Undergrad: 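Okay, here's the structure, questions in a sec.
Quick caveat: nothing in here was measured; it's all calculated off a predicted structure. Residue numbers start from 1 in every chain, and the chains themselves are labelled A, B, ... in the order their sequence lines are given, proteins ahead of strands. Side chains are part of it too, since the values below use all heavy atoms of this structure and drop only hydrogens, waters and symmetry mates.
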Amino acid sequence: MNSKLQTLQGMHDRLPENMKKRQWVIQRITSVFEKYGFEPMETPAIEYWEILSGKDVYGDEEKLIYKFQDRGRRDVGMRFDFTVPLARVVSSYPDITMPFKRYQIQTVWRCDKPQYGRFREFYQCDVDIVGTESVIAEAELIILASEIFEAIGFKKFMTKINSRKLLQTICEYSGVDKSKEFELFRAMDKRDRIGIDGVKENFEVLGLSKEAKEKIISSLGQPIAQLEKLLPNKEGIAQVRTLFSYLENLGCNMKHIMFDPWLSRGFDYYTGPIFETIIEGTKVGSVAGGGRYDNLIGKFNDKDIPAVGISIGLERVLMVMDKLDMNPKIASPVKFLVTLFDEPTIKYALQVAKDIRNSGVGVEVYPEAIKIGKQFKYASKKKIPFVVIAGPDELKTHSVAIKDMKSGTQETLKLAKLNTWLQKKLEVRK
RNA sequence: GUGGGUAUAGCUCAACUCGGUUAGAGCGCUUGCCUGUGGAGCAAGAUGUUGCCGGUUCAAAUCCGGUUACCCACCCCA
């Protein structure tokens, strides 16, 4: 192993085995996105530093942005997420049709210390709706996430839903200082990892009064109907209620949805409903998360434009799939390997390959006329279902021998009948 | 950014505690049994600057220092 051949810390080669799985998942994700009317979009990997940092969107996280000077001595940074690029795009193309529904699946970079489920270069899949305050937007994103996780084959997953507005109301009601609000949210967010007692300890550090602390914890323990009676301002509750009713109307499978007053999320910029999906029985953390951020785009623009989005963590989805031993059956586009027998019959074999390929299926030709056994082994390793032999015997009779690698049976058929044979096989496979 | 662990064949690991002949195993790979057939079986074979740099020693995979990468926890997040 040559250390000079190493990839950079936290960055990985993605070999075919991984890519096939990855693309299978991405395909499922995009098809659901598009079913709901979202369209693809990409933005550059590198942005002006001023855009990434200037609006103080990321707060402390800013130190995790890859930053450097390009050849023109410009300060630049690598794409950290898709929210800021989206805000820039929406702000610089005023004639975009609103509501703007786009999805973006690309890599992002975070100069974090690599760890379990955590990389420096990784894919994210974002969907956002810009330009509407309607809670229907939230409902669509949540149901769409459910559909995606179902399509991938997860059985036990849960999307937790809460509202920043509701949390703010609870803070107000409990007498928590506005300046401590966000730190409090962060402390709450750790409940899954450190438990309620741990959160209580963290509240201690924040310097909350005993009364405030108790009021918060008891409020968070209430069912939604009780909370509603308790709180002076009903706006947050109303939002959650509306969201749930829309979800039901859209036909969402409610067993994957729950209201969780403890959910708060780590980003500062959320203003309304927030949500997060976890796969049960894993310690990977959340595989999707999002919420409403009505004030963010305004930082790039003169006017506030409401927006809501969700991000699916592709790397984590893949990790969980491995962990749960989920191996999707990925059909190879290549169904036939045409073997080369010897020099004089190469042209015949190539002709046969062309004929099969013309029927619309993938065909590989082994590029060398080596031992036939090795060519079979190659097909076997690459899981190619049929091996075709077009050697001297076949040439003489204008036929081909086709072996079904799964059953091990082999048949010889006339070239003239190849087409109908293919048709029949392809029909069966549908 | 803070703290801990690990690095040996393509892969998973053994040998390291207590330095001592030629660094092993399983899987994989190559070849043959089988000169037109993969998976199973049998037989044979190849592969290592022990991550990298330096130090201690007659002698280092083994001890010490540095360095890089990976893993784990914290922080934070997808």
Side-chain angles (χ1 to χ4, degrees), chain A residues 1-12 15 17 29 58-65 80-83 105-126 145 183 185-187 189-190 192-194 198 202 264-268 276-279 282-290 309-320 337 339-342 345 349 366 369-396 400-412:
Chain A
M1 272 175 289
N2 188 337
S3 61
K4 292 232 168 74
L5 296 180
Q6 274 170 347
T7 55
L8 241 40
Q9 189 176 42
M11 305 201 180
H12 300 282
L15 298 180
E17 217 35 56
I29 293 174
Y58 301 125
D60 281 350
E61 300 291 289
E62 189 181 301
K63 62 177 193 284
L64 298 181
I65 304 175
F80 182 83
D81 64 10
F82 302 127
T83 309
I105 300 176
Q106 286 183 277
T107 41
V108 299
W109 293 270
R110 295 187 189 176
C111 202
D112 209 347
K113 200 158 176 177
Q115 217 186 101
Y116 183 70
R118 200 176 211 188
F119 316 99
R120 288 188 163 182
E121 178 184 62
F122 60 97
Y123 274 78
Q124 261 186 294
C125 314
D126 266 40
E183 279 179 86
F185 293 165
R186 281 211 167 155
D189 206 35
K190 289 176 197 146
D192 279 351
R193 274 167 289 142
I194 61 178
N202 282 352
S264 57
R265 304 212 26 93
F267 279 122
D268 207 353
E276 193 170 285
T277 306
I278 55 158
I279 309 287
T282 64
K283 47 175 255 185
V284 189
S286 58
V287 290
I310 187 166
S311 176
I312 293 168
L314 185 60
E315 310 295 339
R316 291 192 175 171
V317 168
L318 287 164
M319 288 182 77
V320 174
L337 176 76
T339 57
L340 291 192
F341 192 76
D342 58 8
T345 55
Y366 200 89
I370 55 167
K371 266 187 153 171
I372 211 84
K374 286 197 178 181
Q375 301 187 48
F376 268 86
K377 198 162 183 174
Y378 175 81
S380 177
K381 275 192 181 171
K382 289 197 74 177
K383 299 193 166 65
I384 298 173
F386 295 99
V387 173
V388 178
I389 303 177
D393 295 351
E394 288 78 14
L395 176 58
K396 254 181 259 161
V400 288
I402 300 179
K403 178 164 179 178
D404 182 328
M405 294 297 275
K406 201 163 180 190
S407 65
T409 57
Q410 181 167 328
E411 53 189 312
T412 303

Undergrad: Between rG26(B) and rC75(B), how far apart are the P atoms? Round to whole Å, please.
TA: 45 Å
Undergrad: Counting the atoms with a prime plus P, OP1 and OP2 as sugar-phosphate, which does Lys383(A) contact under 4.0 Å by heavy atoms, base, sugar-phosphate, or nothing?
TA: nothing
Undergrad: Heavy atoms under 4.0 Å, any strand shown: does Asp81(A) hit a base, just sugar-phosphate, or nothing?
TA: nothing
Undergrad: Can you check the Lys396(A) NZ to rG36(B) P distance for me, whole Å?
TA: 12 Å
Undergrad: Select from Met405(A) and Met11(A) the residue whose nearest nucleotide in RNA chain B is closer to the 5' end of that strand.
TA: Met405(A)
Undergrad: Regarding Gln410(A), tell me which of base, sugar-phosphate or nothing describes its non-hydrogen contacts under 4.0 Å with the strands shown.
TA: base
Undergrad: Mind checking the C1' distance from rU50(B) to rU62(B)? Whole angstroms is fine.
TA: 10 Å
Undergrad: Round to a whole Å and report the spacing from CD1 of Ile279(A) to P of rA78(B).
TA: 15 Å
Undergrad: With a non-hydrogen cut-off below 4.0 angstrom, is Tyr378(A) in contact with a base, only sugar-phosphate, or nothing?
TA: nothing
Undergrad: Contact class for Gly289(A) vs. all strands (heavy atom < 4.0 Å): base, sugar-phosphate, or nothing?
TA: nothing
Undergrad: Under a 3.5 Å cut-off for both contacts, is rU6(B) paired Watson-Crick or G-U wobble with anything, and if yes, with which nucleotide?
TA: rA69(B)
Undergrad: Are Phe122(A) and rA78(B) stacked, counting the six-membered base ring, centres under 5.5 Å, planes under 30°?
TA: yes
Undergrad: Could you tell me the Watson-Crick or G-U partner of rG36(B), where both distances fall under 3.5 Å? Say none if there is no partner.
TA: none
Undergrad: Distance check, C1' atoms only: rG54(B) and rG45(B), in whole angstrom units.
TA: 38 Å
Undergrad: Under 4.0 Å, heavy atoms only, any strand: does Arg110(A) hit a base, just the sugar-phosphate, or nothing?
TA: base
Undergrad: For Lys371(A) and rU30(B), what is the distance between atoms NZ and C1' respectively, to the nearest whole Å?
TA: 11 Å
Undergrad: Partner lookup for rC63(B), please. Criteria are Watson-Crick or G-U wobble with both distances under 3.5 angstrom; report none if nothing qualifies.
TA: rG55(B)
Undergrad: If I take atom CG in residue Leu337(A) and atom P in nucleotide rG39(B), what distance separates them, rounded to the nearest angstrom?
TA: 15 Å
Undergrad: Which one is paired to rG1(B), where only Watson-Crick or G-U wobble pairs with both distances under 3.5 angstrom count?
TA: rC74(B)
Undergrad: Strictly by Watson-Crick or wobble contacts shorter than 3.5 Å, is anything paired with rU50(B), and which nucleotide is it?
TA: none
Undergrad: Please report the distance, rounded to the nearest Å, between CZ in Phe185(A) and P in rC75(B).
TA: 19 Å
Undergrad: May I ask you to say what Tyr123(A) touches in the nucleic acid, namely base, sugar-phosphate or nothing, with a heavy-atom cut-off under 4.0 Å?
TA: nothing
Undergrad: Under a 3.5 Å cut-off for both distances, is rG24(B) Watson-Crick or wobble paired, and to whom?
TA: rC13(B)
Undergrad: May I ask you to say what Gly10(A) touches in the nucleic acid, namely base, sugar-phosphate or nothing, with a heavy-atom cut-off under 4.0 Å?
TA: sugar-phosphate
Undergrad: With a 3.5 Å limit on both atom pairs, tell me what rC18(B) is paired to, counting Watson-Crick and G-U wobble, or say none.
TA: none
Undergrad: May I ask you to say what Glu394(A) touches in the nucleic acid, namely base, sugar-phosphate or nothing, with a heavy-atom cut-off under 4.0 Å?
TA: base
Undergrad: On a plain distance test, is the side chain of Arg186(A) in donor-acceptor contact with the base of rC77(B) below 3.5 Å?
TA: no
Undergrad: Quantified in whole Å, what is the P atom distance between nucleotide rG39(B) and nucleotide rC64(B)?
TA: 48 Å
Undergrad: Could you give the CD1-to-P distance, from Ile384(A) to rG39(B), as a whole number of Å?
TA: 16 Å
Undergrad: Which base, if any, makes a Watson-Crick or G-U wobble pair with rG45(B), both distances under 3.5 Å?
TA: rC29(B)
Undergrad: Measure from CG on Asp342(A) to P on rG36(B) and round the result to the nearest Å.
TA: 10 Å
Undergrad: Among Glu121(A), Met11(A), His12(A), Arg120(A), whose side chain to side chain contact (heavy atoms under 4.5 Å, CB included) with Pro114(A) holds?
TA: Arg120(A)
Undergrad: With rounding to the closest Å, how many angstrom separate the P atoms on rG4(B) and rU67(B)?
TA: 14 Å
Undergrad: Within the 4.0 Å heavy-atom criterion, would you say Lys113(A) contacts the bases, only the backbone, or no part of the nucleic acid?
TA: base
Undergrad: For atom P, what is the distance between rC70(B) and rC27(B), given to the nearest Å?
TA: 31 Å
Undergrad: Roughly how far apart, to the nearest Å, are rC29(B) and rG20(B) at atom P?
TA: 35 Å
Undergrad: Please walk me through it: do Ser311(A) and Gln124(A) pass side-chain hydrogen bond (donor to acceptor under 3.5 Å, both in side chains)?
TA: CA-CA 7 Å; Ser311(A) 176; Gln124(A) 261 186 294; 2.6 Å; yes
Undergrad: What is the separation between atom NZ on Lys382(A) and atom P on rG39(B), rounded to the nearest whole Å?
TA: 18 Å
Undergrad: If you pin Phe376(A) and Lys63(A) to their nearest nucleotides in RNA chain B, which one's is more 5'?
TA: Lys63(A)
Undergrad: Using atom P in both nucleotides, what's the gap between rC72(B) and rC13(B) to the nearest angstrom?
TA: 13 Å
